[in-house]
Engineer: 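Before I ask anything, let me first share the structure, which is written out below as structure tokens.
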Number of protein chains: 2
Amino acid sequence: MTAPIRVVLAEDQAMVLGALSALLELEPDISVIFNAANGREALSAVGRLTPDVLVTDIEMPLMTGLELAANLRTSHPAVRTIILTTFARSGYLRRALDAGARGYLLKDRPAAELAESVRRVHRGLRVIDPALAAEAWNAELDPLTERERQILQRAGDGRSSTEIATELHLSEGTVRNYLSEAIAKLGASNRIDAARIARTKGWL
Amino acid sequence: MTAPIRVVLAEDQAMVLGALSALLELEPDISVIFNAANGREALSAVGRLTPDVLVTDIEMPLMTGLELAANLRTSHPAVRTIILTTFARSGYLRRALDAGARGYLLKDRPAAELAESVRRVHRGLRVIDPALAAEAWNAELDPLTERERQILQRAGDGRSSTEIATELHLSEGTVRNYLSEAIAKLGASNRIDAARIARTKGWL
DNA sequence: AATCGGATGTGACAGTTGTCATGCAGAGGT
DNA sequence: ACCTCTGCATGACAACTGTCACATCCGATT
């Protein structure tokens with residue numbers, strides 16, 4: 001028998017981390033050598049242990065999974081990264097691939113796919129959630145400008161045009177113009193709807 | 001040796017569900033007899049299998065964990081329910097306890113606490129996340145009426161007063177009145193802000 | 001040099017939202 | 001019966017929001 005695949009796991013919810021670890025440890029050909037609670041911890045573990053595969057969540061404190069992937073791409077190119085996340089957002093997938101990730105897996109896929117994905121990625125293959133890959137193929141690009149994004153974020157948090165204008169040193173009319181533009185671009189019916197849509201696409 | 005504790009698990013993210021199941025199955029005195037993907041499935045599984053303990057997430061499609069707990073309290077009072085969730089919201093905890101839950105556990109607690117909590121609850125004890133319990137002690141009560149909650153939910157999704165009025169068979173003025181009330185009660189500056197505040201407290 | 005897109009601004013207008021006073025009907029408590 | 005609370009409603013007014021037409025400035029592309 002060949003040596004097991006050595007895996008580092010990164011996930012900020014301790015119980016989910018422990019559970020995923022238990023799940024992978026059930027596989028005789030896979031060995032979880034470190035459980036990291038955030039991206040920073042994972043980065044240092046990878047440096048010390050040089051695993052074969054890294055499985056990481058995206059939204060974590062200190063360092064996100066996407067930042068981690070981007071970092072490892074240059075510092076440890078031999079380590080193959082799988083992003084494991086709740087979010088089926090084409091914007092995230094795009095960023096993950098740009099960061100050199102070899103896999104993008106959703107937490108609502110069956111548990112068996114995790115080990116299988118680790119094996120595939122270890123063999124040098126790519127594993128992209130099929131539904132999301134299809135969607136990303138013809139997904140619109142982010143139509144928002146940087147200003148529109150800034151303003152939409154704040155509007156989505158319940159700030160008024162006046163407050164946003166003050167905060168960003170703009171006139172109130174300008175803020176309303178940007179929001180109107182964003183609403184039109186996203187086909188939304190008001191600022192809140194627009195913020196919601198942008199969030200689900202991973203553009204905020 | 002006594003018979004193992006029979007557990008039904010409910011969690012909508014399949015991979016997390018499988019992983020938690022694997023984690024509990026590692027314990028010799030615990031046996032996971034059903035994995036449910038939502039509250040409705042869990043409800044029927046409990047009816048068929050009458051487990052000792054139910055471990056359930058809150059936010060799930062078709063039926064939330066809180067609704068499930070409330071339902072089981074009367075239909076199957078012998079089944080002890082543990083809520084396992086990401087959200088440290090005192091409003092959720094309060095609703096969970098009102099719904100007859102015996103445990104409220106956060107997903108960012110160590111993995112070992114899950115099995116331990118199952119055992120304690122099975123022995124008839126309560127298990128409440130200590131930090132959250134302390135916070136809930138002096139947390140404000142939910143000031144919203146049922147109508148206000150319904151309307152605030154929809155407003156927070158970007159629906160206009162008119163749309164909400166049509167959907168709920170109310171007049172537009174009434175919808176605005178309820179929103180105005182909710183905004184005042186929550187000390188918010190507009191409907192969006194109000195929805196945001198209510199959500200972070202677990203009142204939506 | 002000419003053009004274009006992005007960032008910024010103004011002014012005007014219509015539509016939506018937030019507030020308040022006030023009213024009415026039904027459910028419960030005294 | 002009487003009172004009070006809650007849910008629902010209306011109307012009026014002020015404030016906020018969304019849209020549009022138009023204008024200026026700047027940097028990048030052609």
Side-chain angles (χ1 to χ4, degrees), chain A residues 91 94-95 98 139-204, chain B residues 67 70 91 94-95 98 140-201 203-204:
Chain A
R94 195 177 296 264
R95 281 199 266 161
D98 286 350
E140 326 99 281
L141 291 162
D142 182 349
L144 300 176
T145 67
E146 198 43 43
R147 266 307 195 201
E148 287 163 356
R149 198 185 331 283
Q150 284 183 337
I151 291 174
L152 201 48
Q153 265 167 1
R154 289 164 174 77
D157 275 3
R159 248 72 77 69
S160 71
S161 302
T162 323
E163 287 172 321
I164 299 173
T166 307
E167 192 182 343
L168 300 181
H169 308 292
L170 296 174
S171 88
E172 192 218 328
T174 303
V175 170
R176 297 219 307 281
N177 282 340
Y178 281 125
L179 282 172
S180 185
E181 256 306 294
I183 290 166
K185 282 179 177 176
L186 299 175
S189 57
N190 56 50
R191 53 178 68 192
I192 311 314
D193 198 25
R196 200 183 45 73
I197 292 172
R199 265 193 271 263
T200 65
K201 305 254 187 182
W203 295 335
L204 272 197
Chain B
E67 290 164 349
R94 195 177 296 262
R95 280 201 267 162
D98 287 348
E140 324 103 279
L141 290 163
D142 180 351
L144 300 176
T145 68
E146 198 44 42
R147 267 304 195 204
E148 287 163 358
R149 200 186 329 283
Q150 284 183 336
I151 290 175
L152 200 49
Q153 266 167 359
R154 289 164 173 77
D157 276 3
R159 246 74 75 70
S160 70
S161 303
T162 324
E163 288 171 318
I164 299 174
T166 307
E167 192 182 343
L168 299 182
H169 308 293
L170 294 174
S171 87
E172 191 218 328
T174 303
V175 170
R176 297 220 304 282
N177 283 341
Y178 281 123
L179 282 170
S180 184
E181 256 306 294
I183 291 166
K185 282 178 177 177
L186 299 174
S189 57
N190 56 48
R191 53 178 69 193
I192 311 313
D193 197 25
R196 199 183 45 72
I197 292 172
R199 265 193 270 264
T200 64
K201 305 257 187 178
W203 295 335
L204 272 198

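Per chain, numbering begins at 1; letters A, B, ... match sequence-line order. Model, not experiment: these values are computed from the prediction.
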Engineer: Quick one, which residues of residues 185-193 of chain A touch DNA chain D with a heavy atom under 4.0 Å?
Structural biologist: A/Asn190, A/Arg191
Engineer: Under a 3.5 Å threshold, yes or no: a donor from one side chain and an acceptor from the other, between A/Arg191 and A/Ser161?
Structural biologist: yes
Engineer: Measure the spacing between CZ of B/Arg159 and CD1 of A/Ile192 and express it to the nearest 0.5 Å.
Structural biologist: 13.0 Å
Engineer: Please round to the nearest 0.5 Å and tell me the distance separating atom CG of B/Leu204 and atom CG of B/Asp157.
Structural biologist: 9.5 Å
Engineer: Measure the distance from OH on A/Tyr178 to P on C/dG5 and round it to the nearest whole Å.
Structural biologist: 15 Å
Engineer: Mind checking the CH2-CG spacing from A/Trp203 to A/Leu186? Nearest 0.5 Å is all I need.
Structural biologist: 6.5 Å
Engineer: From the list D/dG18, C/dG18, D/dT10, which nucleotide is the closest neighbour of the side chain of A/Leu179?
Structural biologist: D/dG18
Engineer: Rounded to whole angstrom units, what separation is found between the CD atom of A/Glu146 and the P atom of C/dG6?
Structural biologist: 13 Å
Engineer: For DNA chain D, find the residues of residues 147-164 of chain A with a heavy-atom distance under 4.0 Å and give them by number; none if there aren't any.
Structural biologist: A/Ser160, A/Ser161
Engineer: Taking atom P of C/dC13 as reference, at what distance in whole Å does atom CZ of A/Arg176 sit?
Structural biologist: 14 Å
Engineer: Is B/Asn190 reaching over with its side chain to a backbone N or O of A/Gly158, donor-acceptor style, under 3.5 angstrom?
Structural biologist: yes
Engineer: Is there a side-chain contact (heavy atoms from CB on, under 4.5 Å) between A/Ser180 and A/Asn177 once you walk through the steps?
Structural biologist: CA-CA 5 Å; A/Ser180 185; A/Asn177 282 340; 5.5 Å; no
Engineer: Is there a donor-acceptor pair under 3.5 Å between the side chain of A/Glu181 and the backbone N or O of A/Glu148?
Structural biologist: no
Engineer: Heavy atoms from C-beta onward define the side chain here; which of D/dA12, C/dT8, C/dA7 lies closest to that of A/Thr145?
Structural biologist: C/dA7
Engineer: Sub-3.5 Å donor-acceptor pair from the side chain of A/Lys185 to the main-chain atoms of A/Pro143, do we have one?
Structural biologist: yes
Engineer: Is A/Asp193 salt-bridged to A/Arg196, going by a charged N under 4.0 Å from an acidic O?
Structural biologist: yes
Engineer: Any ion pair linking A/Glu163 and A/Arg154 (charged N to carboxylate O, less than 4.0 Å)?
Structural biologist: no
Engineer: Are any protein N/O atoms closer than 3.5 Å to N/O atoms in nucleotides 20-27 of chain D? If there are, list each pair with its distance.
Structural biologist:
{"from": "D/dC20", "atom 1": "N4", "to": "A/Asn177", "atom 2": "OD1", "distance (Å)": "2.9"}

Engineer: I need the CD-C1' distance between A/Glu181 and C/dG5, as an integer number of Å.
Structural biologist: 11 Å
Engineer: Examine C/dG9: is either OP1 or OP2 under 4.0 Å from a nitrogen or oxygen in the side chain of A/Thr174? Give yes or no.
Structural biologist: yes
Engineer: Would you mind reading off the distance between A/Glu172 atom CD and C/dT8 atom P, rounded to a whole angstrom?
Structural biologist: 16 Å
Engineer: Check B/Ile183 against B/Ala194 and note the closest heavy-atom contact, atom names and distance.
Structural biologist: CG1-CB, 4.1 Å
Engineer: Round to a whole Å and report the spacing from CG of A/Leu144 to P of C/dA7.
Structural biologist: 11 Å
